[in-house]
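Structure, as structure tokens:
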Protein chains: 2
Amino acid sequence: MRYSNATNYALHTMVHLMLQPGGSSVGVQELAEMQHLSPTYLSKILTKLTKAGLIVSTPGAKGGYKISRTKHEISFLDVIHATEGDTSLFDCSIHHEGCLIENVMKQAEENMKKELESRLLIDIAKEVESKQKEG
Amino acid sequence: MRYSNATNYALHTMVHLMLQPGGSSVGVQELAEMQHLSPTYLSKILTKLTKAGLIVSTPGAKGGYKISRTKHEISFLDVIHATEGDTSLFDCSIHHEGCLIENVMKQAEENMKKELESRLLIDIAKEVESKQKEG
DNA sequence: GATATTAAAGACTCTTAATATCTGCGATAC
DNA sequence: GTATCGCAGATATTAAGAGTCTTTAATATC
Ligand code: SF4
Ligand code: SF4
């Protein structure tokens with residue numbers, strides 16, 4: 001059980017877009033080069049982020065992707081939901097009434113999600129920025 | 001990203017074995033029937049649990065599986081580790097020095113594991129037992 | 001000791017999901 | 001109009017999970 005690589009790429013892309021001065025657009029080929037990916041593959045991931053409303057795409061010449069207006073509210077969990085879907089980690093198909101096992105597993109998962117929801121990408125971006133200025 | 005079915009089967013098996021009077025052994029075919037599985041498939045899962053020291057196997061005639069001596073200390077996390085391995089959910093192969101993203105993901109995962117570590121199977125087994133007496 | 005019973009291990013197939021590429025379409029700037 | 005770009009669909013390719021079959025080794029019973 002592991003997060004997909006797409007989630008990793010999505011997180012990096014989001015941070016990168018947040019660091020764009022004035023929230024300007026960046027083309028997929030630049031984002032792909034940065035992460036050593038093929039543009040077509042990354043494009044699929046970016047489409048997911050777009051549909052989730054985390055970034056905004058502008059097609060056509062001089063187009064690209066830019067961070068959404070909700071920039072300061074985007075959490076790690078938002079990105080993960082966009083790439084991984086929002087299904088439960090533990091999904092017993094039977095669902096017995098008042099299942100004790102499911103209870104424990106779901107509660108634990110909730111603990112993880114709470115943390116991921118409380119951590120905002122903007123804070124990471126800011127830290128990265130200040131590190132770059134130092135170095 | 002989902003827990004494997006094996007983890008579900010393992011959890012059910014563990015609870016079942018804990019409910020055996022006197023911790024007596026149960027054969028794989030009985031455990032398999034209970035969960036509508038093939039004995040050979042379940043056998044692989046049971047071997048993992050055995051190697052993790054959560055259950056004890058006795059081969060040969062009248063053999064089977066019984067719960068380990070550490071019965072009262074076995075947590076959900078122990079079972080999950082046995083079936084899923086103990087690799088991290090978020091595993092970036094690069095591992096940059098002081099990576100901020102990895103930090104957040106690992107911390108969140110830790111929150112989940114803390115909960116899974118604190119929840120003991122024996123408590124679930126006892127609840128199941130008392131429910132059965134009620135019904 | 002012979003035999004029946006049972007767990008352990010390895011090879012193997014099947015299915016599914018993730019990964020990745022290629023192609024054509026539609027929107028936009030110039 | 002044309003070059004540039006994101007979007008969607010089809011299509012490999014790969015990896016992991018799910019599950020079966022067969023053989024081997026250990027044990028109890030007789
Ligand atoms: S007891 Fe819970 S986990 Fe087990 S089969 Fe029922 S619903 Fe699923
Ligand atoms: S910044 Fe962190 S997650 Fe990103 S490549 Fe480096 S180690 Fe991996």
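Labels below follow one simple rule: chain letters A, B, ... track the order of the sequence lines, proteins then strands, and each chain is numbered from 1. Just so it is clear, the structure is predicted and the values come from calculations on it, not from any experiment.
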Does the [X] side chain pair with the main chain of [Y], one donor and one acceptor, at a distance under 3.5 Å?
{"X": "A:T13", "Y": "A:Y9", "result": "yes"}
{"X": "B:S43", "Y": "B:P39", "result": "no"}
{"X": "B:D78", "Y": "B:S75", "result": "yes"}
{"X": "B:S24", "Y": "B:Q20", "result": "no"}

Practice task
Answer yes if the side chains of B:N111 and B:Q107 hold a donor-acceptor pair under 3.5 Å, and no otherwise.
Solution key: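 A donor-acceptor contact under 3.5 Å links the two side chains.
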Of all the nucleotides listed ([options]), which has the minimum atom distance to the side chain of [X]?
{"X": "A:N5", "options": "C:dT19, D:dG6, D:dC7", "result": "C:dT19"}
{"X": "B:S57", "options": "C:dA7, C:dA29, D:dG19", "result": "C:dA7"}
{"X": "A:K44", "options": "D:dA18, D:dA10, D:dG19", "result": "D:dA10"}
{"X": "A:A61", "options": "D:dG9, C:dT6, C:dT28", "result": "C:dT28"}
{"X": "B:Y41", "options": "C:dT19, D:dG19, D:dA8", "result": "D:dG19"}
{"X": "A:A6", "options": "C:dT19, C:dT21, D:dG19", "result": "C:dT19"}
{"X": "B:P59", "options": "C:dA7, C:dT19, D:dC7", "result": "C:dA7"}

For [N], does OP1 or OP2 lie under 4.0 Å from any side-chain N or O of [X]?
{"X": "B:K51", "N": "C:dA7", "value": "no"}
{"X": "B:T47", "N": "C:dA8", "value": "yes"}
{"X": "A:S38", "N": "C:dA20", "value": "no"}
{"X": "B:S4", "N": "D:dA18", "value": "yes"}

In whole angstrom, what separates [X]'s [atom1] from [N]'s [atom2]?
{"X": "A:Y65", "N": "D:dC5", "atom1": "OH", "atom2": "P", "value": "12 Å"}
{"X": "A:K62", "N": "D:dG6", "atom1": "NZ", "atom2": "C1'", "value": "16 Å"}
{"X": "B:E84", "N": "D:dG17", "atom1": "CD", "atom2": "P", "value": "8 Å"}
{"X": "B:I45", "N": "D:dG17", "atom1": "CD1", "atom2": "C1'", "value": "11 Å"}
{"X": "B:N8", "N": "D:dA18", "atom1": "CG", "atom2": "P", "value": "10 Å"}
{"X": "B:L42", "N": "D:dA18", "atom1": "CG", "atom2": "C1'", "value": "13 Å"}
{"X": "B:Q29", "N": "C:dT5", "atom1": "CD", "atom2": "P", "value": "11 Å"}
{"X": "B:E33", "N": "C:dT6", "atom1": "CD", "atom2": "C1'", "value": "15 Å"}

Practice task
Consider only side-chain heavy atoms of I, L, V, M, F, W and Y, link residues closer than 4.5 Å, and tell whether B:V56 and B:I67 are in one cluster.
Solution key: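 No, B:V56 and B:I67 fall in different hydrophobic clusters.
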If you count the non-hydrogen atoms of other residues, nucleotides and ligands that lie under 6.0 Å from [atom1] in [X], is the total more than 12?
{"X": "B:K66", "atom1": "NZ", "answer": "no"}
{"X": "A:K114", "atom1": "NZ", "answer": "no"}
{"X": "A:K106", "atom1": "NZ", "answer": "yes"}

Exercise for the section: Classify the nucleic acid contact of A:K48 as base, sugar-phosphate or nothing, counting any heavy atom under 4.0 Å across all strands shown. Expected result: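 Contact class for A:K48: none.
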Practice task
Under 4.0 Å between any heavy atoms, over every strand shown, what does B:Y9 touch: base, sugar-phosphate, or nothing? Just pick one.
Solution key: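 Sugar-phosphate, no base atom in range.
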Problem - Comparing A:L46 and B:G60 on DNA chain D - which has the more 5′ nearest nucleotide - result: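 Upstream on the strand: A:L46.
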Handout entry: Residue closer to the 5' end of DNA chain C, B:M1 versus B:G27 (nearest nucleotide)
Key =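 The residue closer to the strand's 5' end, by nearest nucleotide, is B:G27.
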Exercise for the section: Starting from the 5' end of DNA chain C, give me the residue, A:Y3 or B:V28, whose nearest nucleotide shows up first. Expected result: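 Upstream on the strand: B:V28.
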Practice task
Map every base of DNA chain D to its dot-bracket character, where paired means a Watson-Crick or G-U wobble contact with both distances under 3.5 Å and | marks a partner outside the strand.
Solution key: ||||||||||||||||||||||||||||||
